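The model shown is predicted, which means the values in this text are computed figures rather than measured ones. Just so you know, these numbers use all the heavy atoms, side chains as well, and skip hydrogens, waters and symmetry mates. Along the sequence shown, residues carry numbers from 1. Remember, it's 1-based here, ligands and their atoms both numbered in the order they're listed.
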Amino acid sequence: MSADPGFAVRGGVLHAEGVSLATIAQVVGTPTYVYSAAALRAAARRFRDALAPVPRKALAFAVKANPSLAVLNLLREEGYGADIVSGGEMTAVLNAGMAARDIAFSGVGKTPEELAQALRVGVGHINLESEREGEVLAAIAVRMGRAAPALLRVNPDVDAGTHAKITTGTSDTKFGVAIGDAPAIYDWLAARPGLSLQGVAVHIGSQIMAPDPLEAAYRRIGELVAALRARGQGISHVDLGGGLGVDYRGGADADVAAYGAMVARVTRDWDVTLLFEPGRYIAAHAGVLLTRVLWVKPGEECSFVVIDAGMNDLARPALYDAWHDFAAVAPNGATMRAHVVGPVCESSDGFARARMIDRVGEGDLAVIRDVGAYGASMASCYNSRALAAEVMVEGGRFALITPRIAAADIRPQTLPEWWQGAALGRAA
Ligand SMILES: *Cc1c(COP(=O)(O)O)cnc(C)c1O
């Protein structure tokens, strides 16, 4: 599965399910993220179905991929919990009605306040990234009279074969404890009053297309689980992280059925509950960024199509050289070779270089595809631009789920009080 199941051209106009994107642009304006509920549900079910051979499991959507309330709500209905990396994401997940026990709290820089918040609300697992974090969590838990359910994140030193900026499982990244150090650290942490250490966690990176690196990592984790048990540790949970990739060029996504079969095979004798933390795989194809062409400007090699969405709205191309398909909302069959660029004052603010695209002109609507994951969630108000609106479509209906927010409303600003009033008047 690759094409966004929620988006298709009907009657000459690109629709999200039953709703014309031209209608959404007219009502909500641009740039706007548009999500298909059907596409989200389809991916969520595909992932769950693929894991049918795994008997004991819990699914936790990686919230950083798309923390919108409507998306989290839909995934809760689909039986997903959440993998979070901040107190803010914890709040978002609880607001979406997910149970705290269905939360796994990951992240290399949790603050003591966030750890206490996690214990207060009763999250399912806190994935420890270091021995010291475990020590601090244990102390907080003792003070609160709780036992903190925790897993130790292990860095298996396996290269995920993906972009360097989304690789997390090699020994030179900041994530987890080195697998060689894990047994001693585990023993030490398991003996801390206040910690209920229940197993290990691993996540080697994102946008992983081939199963081999994941299998290599999981095999190492299996050996570690056996070694820990041999040392007398009770292991009831292993968190296998996320990372399954999607094809951004209309080809085949990571083979999720093969992934499920591999997991079942590798973990057959582990006798644990497995946790999964998919993000991109669930949400990427379920969203487009709806944009309007501002200008078509002649260039040396080919034209620049200047659109009203920029790198502040969608950072992935600037950050990871990521490819996203670009398509006209009302394609006329003609094509052109162009650079597609945003309005932001950075040369990296581009979405396509000298690419054959649908022919578009000034004022036309277009979409950047496959932006349901790591799209709106990474947006900023750089250049004092507004944060794009978000819309959810289901069948023939659509709703604004996040309003467009002006930069001034995101970051209310004041002058130092001693610059105000008379003093300011004099300076002027
Ligand atoms: C980002 C992240 C995920 C999700 O990764 P995807 O590639 O989006 O599936 C899962 N677990 C952890 C710990 C993460 O940091």
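Under the 4.0 Å criterion applied to side-chain N and carboxylate O atoms, K64 and D83 are not assigned as salt-bridge partners. A salt bridge links E215 with R219: at least one charged nitrogen is closer than 4.0 Å to a carboxylate oxygen. A salt bridge links R385 to D313: at least one charged side-chain nitrogen sits closer than 4.0 Å to a carboxylate oxygen. The pair E133-K110 counts as a salt bridge, with a side-chain nitrogen and a carboxylate oxygen less than 4.0 angstrom apart.
Those atoms of ligand 1 with a heavy atom of E277 less than 4.0 angstrom away are 3 (C), 4 (C), 9 (O), 10 (C), 11 (N), 12 (C), 13 (C). Atom numbering of ligand 1 starts at 1 in the shown order; those under 4.0 Å from a heavy atom of S106 are 13 (C). Ligand 1 places these atoms under 4.0 Å from at least one heavy atom of G279: 6 (P), 8 (O), 9 (O).
Nearest non-hydrogen protein atom to atom 7 (O) of ligand 1 is S206 OG, 2.3 Å. The protein atom (non-hydrogen) at minimum distance from atom 15 (O) of ligand 1 is K64 NZ, 2.7 Å.
Ligand 1 has G243 within reach: a non-hydrogen atom of the residue lies less than 4.0 Å from it. Residue contacts with ligand 1 leave out F175, since none of its heavy atoms falls under 4.0 Å from the ligand.
Residue nearest to atom 5 (O) of ligand 1, selected from H203, R280, R153: H203 (by heavy-atom distance). Among A160, A62, A60, A284, the residue whose heavy atom lies nearest to atom 4 (C) of ligand 1 is A62.
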